[in-house]
Amino acid sequence: MDFKAMEGKWQKAWWKAGINDAEVDTSKPKYYLIFAYPGVSGPQHVGHMRGYTYSDVITRYKRMKGFSVLFPAGFHATGIAPVAYAKKIRDGDKQTIDYMKKNGVPEDAIGSFKDYKKFLSYWYKAYENDYWRRFGFLIDYRRLTSTLGAGYQKFIQWQFRKLNEANLLIQKDNYSAFCPNDGPIAVDASETDIKCGGKAEKLEFTLLKFKMGDEFVVAATLRPETVYGQTNMWVRPDIDYVRARVGKETWVISRECADNLKYQDRDIEVLGTVKGEELVGKKCLAPGVEREIPILPSSFPDPAVGTGLVTSVPSDAPFDYIALEDLKRTNPELVKGIELIPIIKSRGYGDFPAKEICEQMNIRSQNEAEKLEEATKEIYKVGFHTGRMITGPYEGKRVVEAKDLVRDDLIRDGKADSMWSFSEPVVCRCGEHVVIKKFNDQWFIKYSDRELTDKAKDYAEGMDIVPEGYKEEMPGVLDWFEDRPCARQGSWLGTKFPLDDGWIVEPISDSTLYPMYYIVSLYENNGAIKPEEMTDEFFNYVYLGIGKPKRPEWERVRKDFEYWYPLDVNLGGKEHKTVHFPVFLMNHVAVLPGVLWPRGLFVHWWVTGTAGKISKSKGGAEPIPQAIKRYSVDAMRTYYCHVAQSSVDVAWDPDLVFTYKEALRRNYLLAESLLEAPDARSPVDEWVKYNFNQRLEKATLALDDYDMRTAADEIVYGISRDLQWYKRRGGGNRKLVKALVGKWIRMWAPFAPHMAEEAWHALLKEKGLVSVAEWPSLFDSEADASVNSGEDLVQRILGDIRDIEKIRGAKAKKVMVYVAAPWKWLALGHVRNANGNFGDAMKNASSDPKLSDHKKLLSTLIKRLNSKMNWYRDKKEVDEFVVLNSATHFLSEELDAKVELFHEDKPGEDPGHKAGAALPLYPGIHVA
RNA sequence: GCGGGGGUGCCGGAGCUCGGAAAACGGGCAGGGCUUAGGACCCUGUGACUUAGUGUCUACGCGUGUUCGAAUCACGUCCCCCGCACCA
């Protein structure tokens, strides 16, 4: 089977027929689904295809169920990623370039990426043509849109004016990264604006003021509650600090700290420098404990973090503990008399967690910075969450509470202050140290708004949210979600913030209402509506029905919108659970009337590499064009749907994908061979119809519930199994087979659409496209579960005979089967009625006149039946003789032996005395 | 700590809503067949013991309880994963 040829052939047919173009059709119900559009950031890998595949499978199914489907897509280009890539190419970043090459990007294209616009247009095309179309996604490509498009930006501005009308835009203080030369900049992993420090976190430090004569030596800490364990202070002897006037006080701090404070609204003036070594050996008064402690030399404090001075709590801070140990070796005189002070009791640790973990991790010196970081994190986490104070005024209190209490006390008493600082040095591209600046006019969307939150929570309760667990989380997420900065200053790509010059709408806030825009983008893309025309008047009319249409086209858009809205499902990866989905929901609630709010959310988990999430840097991500070639699109699609539930991470496993390819091929060949079988009525026609119906029904219900896995399981494996058995049993009723295969192939279509089309045409000689065929309906069938009792009986007998063959160590030449006498079914009836109670069963059976001839056998029989009570519970009575009689031919072929069938009470011959052993559904068997 | 989700064969995982011979379905492994060079296909087996089958025992993290009957319900307990933010 040539998957590759099939893919090209049928995709072409789909595009030609335009079955992916969404059209308003008022005679049909509508279905509107989007996936969270991808951030445009270079090549995608096999992991990305999971969610897209779900989207396509769902919408293909809905289309076959008679819905008019809108399945659009777009590109999220705002933010900093495209600029970051352009920069990496300009810088000749080898890893990035190699990754592009490995994904088949031509060299000259890579070169052009120096211009972020070229980068974007290349990937718009690649996502569409190399990924989405190649996977056969029936996306309405006429509606493709980018968040940088002119019309889209008009739409975002309209959205923000709506938010403003709803009083949800506010300005307030915010601390964010700032370069004294270049202004606001981004500190993120892509390190677009900065030279180093992409991983830095923004943290609020407590500044502890240590009195030393008339001035204060100031140390920064994240753990004010540990002041009770202070033994000394650490200073870097090799650097220069500054003496600065802060308000009315004089502080000794690092130069970088002084800079930082300047930007945080402090009245500060640098007076002079202080050499670090001058401080060594001096004593200062530790705040909180009011004890004199020495200032000691160390190498780990960083002048760019906090104040460049660190208070030492060796009981609970691994860095401090190790630095002390170092000193003990090099300069024991300095540390004489310093003892660890127990301050906090945490789960799993004794009095001195820092000491314990250093010993555990075998950390020997301050130079092992990475391990020390890890140890610190661990101790911090455990201490914060499980620790209790065992000293000081808050003894007995949990650390999580004590932390704030201690800090507030110290600040109130003038012994401490606070400051924002990065967790590691951040240097701007210009070479300047990045500071954290206090802005007092940062724009926020007021997601904390009580009314908005409550409305969203109420509404979410009635939404279709998959999986159920996320639905449970949603109220918590909505409560927890606070005001969020929605605009930025600096080198970001995005829409101009309409209320304030110089601000750019940030990339989460411009991606909340966009399903609305796909209605308009169709007309923007075909030129019917120009971006200049997209005024507030336009949007108010088409979305809200306010005002009058200026042109007939507006009415057209309005009609479309009324037809397609609200959105049925927004589908996205689990990374969106705590940001995108809540803001998506809340923005809808904030600016639109309730009837337009989205009906459902679908969250799926990831495809991971063997070691964690597939990432570009670590490699291991299989490029998509290569994967398509190796596995075939249909196999990959089936793999995504079947390999695990959507709410579970799956590890990418190439061997497993191959097994799906083979399963598909097997099914195709099975369909083919069934159609070729000679026409014959078979004893299993009713059985196969009944079971097909069961599976069809189960798959249909599963798809209605967005459970692609169960559906794929029934379709790819379940039906396949039944049909194999049907074939093995001699099934070949031409008319029935054609109907079976016809229905089955239609069920393939959402999952393996190319193979389905191929089979639809090549095997069934159908004319139209199966992708737009009707989803199959159930067979008319009178059969009930008793057909399975019969077929189970045949399978069980076959198995039992095989067991016996094995035990006797010889193949059967002749098999005699004895079907239980009718009166044994009567006895079974009594056992059932007694529901497991042997005495009752026995009593009723022995008083049954119809059983009076068999009194002496009753006791053993009832005992045996009773022990199988649970098994018999839901078994239907079948005429075993009729069933087996129709299967003797089959059995003798399977076993290559003569098979004879008898009634227990008319055994004919019974050399093994097996007739009497027969029970209902357990015939006696003699093998010769 | 808070919130959410979990602990079932060699592995991935069904089953839990609504209690009724646990292990569906896939994978792996083993034996056989069939052909052969296809990542094929078809049988059969895969907790232990036992046996001319329709038998016994052990098993759903651990412990209790409710029940004729518990992976499923209840209580307790241990462990694991994810999120805890301004990052898309």
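Atoms considered below: every heavy atom in the structure, side chains included; atoms not considered: hydrogens, waters and symmetry mates. Quantities reported herein were computed from a predicted structural model and do not represent experimental measurements.
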Paired with [N] by Watson-Crick or G-U wobble geometry, both distances under 3.5 Å: which nucleotide is it?
{"N": "B:G69", "answer": "none"}
{"N": "B:C62", "answer": "B:G76"}
{"N": "B:C86", "answer": "none"}
{"N": "B:C57", "answer": "B:G47"}
{"N": "B:G39", "answer": "none"}

What's [X] touching, base or sugar-phosphate or nothing? Going by heavy atoms closer than 4.0 Å.
{"X": "A:G79", "answer": "nothing"}
{"X": "A:K661", "answer": "nothing"}
{"X": "A:I807", "answer": "base"}
{"X": "A:P467", "answer": "nothing"}
{"X": "A:R388", "answer": "nothing"}
{"X": "A:H76", "answer": "sugar-phosphate"}
{"X": "A:D483", "answer": "base"}
{"X": "A:G912", "answer": "nothing"}
{"X": "A:R665", "answer": "nothing"}
{"X": "A:V927", "answer": "base"}
{"X": "A:W443", "answer": "nothing"}

From the set [options], return the single nucleotide nearest to any side-chain atom of [X].
{"X": "A:V648", "options": "B:G45, B:G5, B:G13", "value": "B:G13"}
{"X": "A:L656", "options": "B:C25, B:U44, B:G27", "value": "B:G27"}
{"X": "A:Q724", "options": "B:A52, B:A88, B:C43", "value": "B:C43"}

Could you tell me if A:T710 and A:K698 have a donor-acceptor pair between their side chains, going purely by distance under 3.5 Å? no

Between OH on residue A:Y660 and NE2 on residue A:H642, distance to nearest 0.5 Å: 5.0 Å

Nearest-Å distance, [atom1] ([X]) to [atom2] ([N])?
{"X": "A:W480", "N": "B:C87", "atom1": "CH2", "atom2": "P", "result": "13 Å"}
{"X": "A:F658", "N": "B:G26", "atom1": "CZ", "atom2": "P", "result": "20 Å"}
{"X": "A:D840", "N": "B:C68", "atom1": "CG", "atom2": "C1'", "result": "12 Å"}
{"X": "A:M708", "N": "B:G26", "atom1": "CE", "atom2": "P", "result": "21 Å"}
{"X": "A:I715", "N": "B:A24", "atom1": "CD1", "atom2": "P", "result": "21 Å"}
{"X": "A:D649", "N": "B:G4", "atom1": "CG", "atom2": "P", "result": "20 Å"}

Which pair of non-hydrogen atoms, one from A:E880 and one from A:V819, has the smallest distance, and what is that distance? CB-CG1, 3.5 Å

For A:W652 together with A:Y631, are the ring centres under 6.0 Å from each other?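 Judged by ring-centre distance (under 6.0 Å), A:Y631 and A:W652 do meet the cut-off.
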
Charged N to carboxylate O below 4.0 Å: is that the case for A:E473 and A:K577?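 A salt bridge links A:E473 with A:K577.
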
Would you mind checking if A:K397 and A:E225 are paired as a salt bridge, meaning a charged N to carboxylate O distance below 4.0 Å? no

With sugar-phosphate taken as primed atoms, P, OP1 and OP2 and all else as base, the protein-contact string of nucleotides 15-23 of chain B at under 4.0 Å (heavy atoms; B, S, -) is -----BB--

Any idea how A:H45 and A:H48 line up, ring-wise: parallel (<30°), tilted (30 to 60°), or perpendicular (>60°)?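 It falls in the tilted class, 30° to 60°.
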
Classify the ring geometry of A:H604 against A:F602: parallel below 30°, tilted from 30° to 60°, perpendicular beyond 60°.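 Rings of A:H604 and A:F602: tilted, as their planes differ by 30° to 60°.
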
With syn defined as a glycosidic torsion within 90 degrees of 0 and anti otherwise, which applies to B:G9? syn

